[in-house]
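Labels below follow one simple rule: chain letters A, B, ... track the order of the sequence lines, proteins then strands, and each chain is numbered from 1.
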Amino acid sequence: MALRYWLFKSEPGAYSYDDLANDGTAEWDGVRNYQARNLLRDDIKKGDGVLFYHSSTTNLAVIGTARVERSGYPDFTAWGTASEHPDSKSTPANPIWYMVDIRAEQRFPNPVSREAMKAASELGSMVLLKKGRLSVQPVTESEWQKICRMGGLT
DNA sequence: GCCAACGTTGGC
DNA sequence: GCCAACGTTGGC
């Protein structure tokens, strides 16, 4: 099974690439959107590449890469009332929401801004630019390579 | 802070 | 099952 590529959005005020780099590995919990859930549950596999994008900030950009450490498993943060994003309809017996674990990999020497992505003709069909609200989204291999090159990785 | 896009909810 | 109302996201 070939590796695939994804883009995860995060508000840096809530959880930044620095936070991920400090933590090493993070549980990508709290996604409460069915399209994104389906990707987390069915398609995002250990070893896949992740572009880490900062949203809702003055510096909209892909900051670096991460690697999927654990394929989809039930998002248990939906269960307890102590959770930051509870969903009483989701239970251990019938989980609704899923998450993966990711690990920080390489920070881009030059973060790739949204402006730069919009200006790059090869990136014109990126989901990020077409359907911006999806918080977990697929990226093609050529988009991955282009963005890594723009970011300054060899 | 505004507003467009779009996902979800709920009445019928 | 349709669709209007509503809420949220996120770029600007």
[atom1] of [X] versus [atom2] of [N]: gap in Å, rounded?
{"X": "A:K118", "N": "C:dG11", "atom1": "NZ", "atom2": "P", "result": "9 Å"}
{"X": "A:R133", "N": "C:dG7", "atom1": "CZ", "atom2": "C1'", "result": "9 Å"}
{"X": "A:Q137", "N": "B:dC6", "atom1": "CD", "atom2": "P", "result": "13 Å"}
{"X": "A:L134", "N": "C:dG11", "atom1": "CG", "atom2": "P", "result": "13 Å"}
{"X": "A:N33", "N": "C:dG10", "atom1": "CG", "atom2": "P", "result": "9 Å"}
{"X": "A:E11", "N": "C:dG11", "atom1": "CD", "atom2": "C1'", "result": "12 Å"}
{"X": "A:L128", "N": "B:dC6", "atom1": "CG", "atom2": "P", "result": "13 Å"}
{"X": "A:K9", "N": "C:dG11", "atom1": "NZ", "atom2": "P", "result": "6 Å"}

Scan A:W6, A:W28, A:F108 and name whichever one has a ring-ring contact (aromatic ring centres under 6.0 Å, His included) with A:F52.
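It is A:W28, the one option of A:W6, A:W28, A:F108 that forms the ring-ring contact (aromatic ring centres under 6.0 Å, His included) with A:F52.
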Under 4.0 Å from OP1 or OP2 of [N]: is there any side-chain N or O of [X] that close?
{"X": "A:Y53", "N": "C:dG11", "answer": "yes"}
{"X": "A:K131", "N": "B:dG7", "answer": "yes"}
{"X": "A:R32", "N": "C:dT8", "answer": "no"}

So A:L128 and A:R114, do their side chains get closer than 4.5 Å, heavy atoms only?
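A:R114 vs A:L128: side chains touch.
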Between C:dG11, B:dT8, C:dG7, which nucleotide has the shortest distance from any of its atoms to the side chain of A:S56?
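Of the candidates, C:dG11 comes closest.
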Do the charged groups of A:D18 and A:R107 touch, with an N to O distance under 4.0 Å?
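Between A:R107 and A:D18 there is a salt bridge, with a charged N closer than 4.0 Å to a carboxylate O.
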Is any side-chain N of the basic residue among A:R103 and A:D23 closer than 4.0 Å to the acidic one's carboxylate O?
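Result for this pair is no, no salt bridge flagged.
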